[in-house]
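Order of the sequence lines fixes the chain letters, A, B, ..., with proteins taken first and strands second; residue numbering starts at 1 for each chain.
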Amino acid sequence: MLAVCAKQPGLDSTVEERFGRAEYFVLFDEEKNMPQSIENKAKFESGGAGGTAVRLLNENGVDVVLVPELGPKAMDAIKAFEITAYRYTEQKSVREIIEDYKNGKLSKIDTSTTASKHGMYKA
Amino acid sequence: MKIAILSGKGGTGKTTVATNLLSVSDSGVLIDTDVEEPNSHLFLKPQIQKTEAIKKRYPIVDESLCDLCGACGDFCRFNAILPAKKSVLVFKELCHDCGGCQMVCPNDAIRYKERSIGMVYSGHTITGHEMHYGELTVGEISGVPIIERLREITMDDDLVLIDCPPGTACSTVAAIDSADFAILVAEPTPFGVSDMKMVVELLRDLGIAMGVVVNKDGLGDKDIYQYCESEDIQILGRIPFKKEYARKYAGGNLISQVDDEYKSIIEGILKQVMSQKEVV
């Protein structure tokens with residue numbers, strides 16, 4: 001199952017600029033070609049939203065996620081849940097980003113792309 | 001008597017009032033519980049005689065006992081422990097050290113380890129008083145264990161002045177927990193009054209008697225006086241807004257040591273507060 005960070009539900013939504021506090025995740029089953037949107041409940045957390053968002057993706061059977069950025073804690077969690085992350089850098093629709101992914105235009109990431117939101121914490 | 005000096009808004013003059021009250025008291029002790037930004041020591045200039053590292057625990061998971069059931073992750077309100085596919089991740093700086101994950105673990109796989117989250121410094125000030133201040137390490141989520149230690153150290157002292165963190169969050173509640181009386185320092189501005197109302201509510205919830213010191217009197221408007229009158233809150237003193245005071249303060253002075261007029265205002269406040277002792 002593929003997941004994309006999105007501002008609204010649905011394939012025509014614009015992709016999010018954040019991961020842990022993204023509004024929605026649009027889930028896309030490549031075999032069934034069926035999109036399904038889930039609200040990211042982790043966005044309400046006062047701390048540790050990244051790790052909790054990864055847990056939510058895992059519960060929904062996600063094994064590939066397309067992200068704008070990943071903090072150190074979210075990256076640790078992505079690895080521990082054996083999810084693969086690809087990074088997009090453009091503000092497009094979810095549909096277009098999925099196309100970019102399918103065409104091999106997105107690069108895989110395995111280190112965090114942002115500094116921690118928690119001061120001295122080192123990844 | 002334990003006297004908390006607090007305010008809703010930052011920068012109203014808590015530390016200025018607290019440090020000057022200490023300097024005119026006979027035998028007071030001051031604790032600076034604003035551990036995210038302590039600065040009473042900048043004015044009191046203590047000779048540090050003792051430093052103590054404050055520890056907090058975080059969980060360690062024994063993977064040979066853990067069956068990844070997920071109970072710890074479901075329990076933790078702070079997302080500090082995250083059971084994943086083959087291991088359990090611990091984000092130790094998110095941990096509040098509540099002990100809950102160990103209690104809910106059915107396999108007894110959780111132990112705790114200690115780590116330092118900040119320091120407590122103790123010494124004697126230039127005025128010869130005893131003081132203790134805490135400092136939370138940057139990036140740590142909560143200074144409450146440091147504040148509790150500061151209160152513990154001064155538990156048996158007769159007169160303790162508690163320089164509190166601003167606002168009404170957990171750290172303020174921890175600082176005023178054992179206070180007998182609260183001095184609410186407020187500015188006569190719309191912001192000052194609005195933020196002060198939150199503290200009044202907090203103090204009433206906790207049943208702590210209070211009085212108000214209006215700092216920078218002459219600024220803003222008269223709303224603070226109307227509010228105090230309508231809520232029946234005693235005004236303990238008014239400190240005028242004067243460039244001269246600002247200059248002395250900015251030079252790192254205890255204003256009451258270099259300004260007689262200021263000193264008599266502070267003495268007046270202390271006297272008013274001490275007369276509450278019989279009431280408390």
Side-chain angles (χ1 to χ4, degrees), chain A residues 1 3 5 18-22 25 38-65 67 69-85 109-123, chain B residues 35-37 53-54 56 58-61 63 66-98 100-101 104 109 115-119 135-144 146 167-171 173:
Chain A
M1 180 85 80
C5 310
R18 301 172 299 175
F19 169 71
R21 295 182 194 281
F25 292 115
I38 54 168
E39 189 183 14
N40 174 23
K41 297 214 168 66
K43 72 187 172 196
F44 299 116
E45 299 293 330
S46 63
T52 307
V54 176
R55 196 180 186 198
L56 178 70
L57 294 180
N58 177 69
E59 280 162 13
N60 283 278
V62 171
D63 50 16
V64 175
V65 64
V67 298
E69 56 160 28
L70 275 182
K73 289 203 268 306
M75 192 70 232
D76 285 350
I78 287 273
K79 286 179 183 166
F81 279 105
E82 298 171 351
I83 295 172
T84 314
I109 52 169
D110 50 21
T111 52
S112 62
T113 61
T114 64
S116 169
K117 310 285 193 296
H118 262 283
M120 304 291 279
Y121 176 74
K122 289 184 184 63
Chain B
V35 300
E36 288 180 37
E37 195 77 88
I54 305 302
K56 195 164 158 181
Y58 65 97
I60 297 281
V61 181
E63 294 193 357
C66 174
D67 62 5
L68 296 168
C69 72
C72 54
D74 291 338
F75 179 84
C76 184
R77 294 281 295 107
F78 303 103
N79 306 312
I81 190 161
L82 184 65
K85 278 210 165 128
K86 289 174 186 149
S87 63
V88 178
L89 294 182
V90 173
F91 300 115
K92 55 187 179 219
E93 75 284 9
L94 295 180
C95 177
H96 281 54
D97 188 7
C98 73
C101 53
V104 300
R115 66 194 185 90
S116 168
I117 57 155
M119 303 294 287
E135 202 170 63
L136 181 68
T137 306
V138 173
E140 290 297 336
I141 205 156
S142 165
V144 169
I146 302 176
T168 51
C170 301
S171 52
V173 176

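Distance alone, capped at 3.5 Å, places no donor-acceptor pair between the B:Asn79 side chain and the A:Ala49 backbone.
Other residues, nucleotides and ligands contribute more than 12 heavy atoms inside 6.0 Å of the CD atom of A:Glu45. Within 6.0 Å of CD in B:Glu37 there are 12 or fewer heavy atoms belonging to other residues, nucleotides or ligands. In the displayed structure, B:Lys85 atom NZ is contacted under 6.0 Å by more than 12 heavy atoms of other residues, nucleotides or ligands.
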When you look at B:Leu89 and A:Lys73, which way does the side chain to side chain contact (heavy atoms under 4.5 Å, CB included) test go after all the steps? CA-CA 9 Å; B:Leu89 294 182; A:Lys73 289 203 268 306; over 6 Å; no

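Using non-hydrogen atoms only and a strict 4.5 Å limit, the part of residues 68-77 of chain B facing chain A consists of B:Gly70, B:Gly73, B:Asp74, B:Arg77.
Residues A:Ala77 and B:Leu82 come closest through the heavy atom pair CB-CD2, 3.6 Å.
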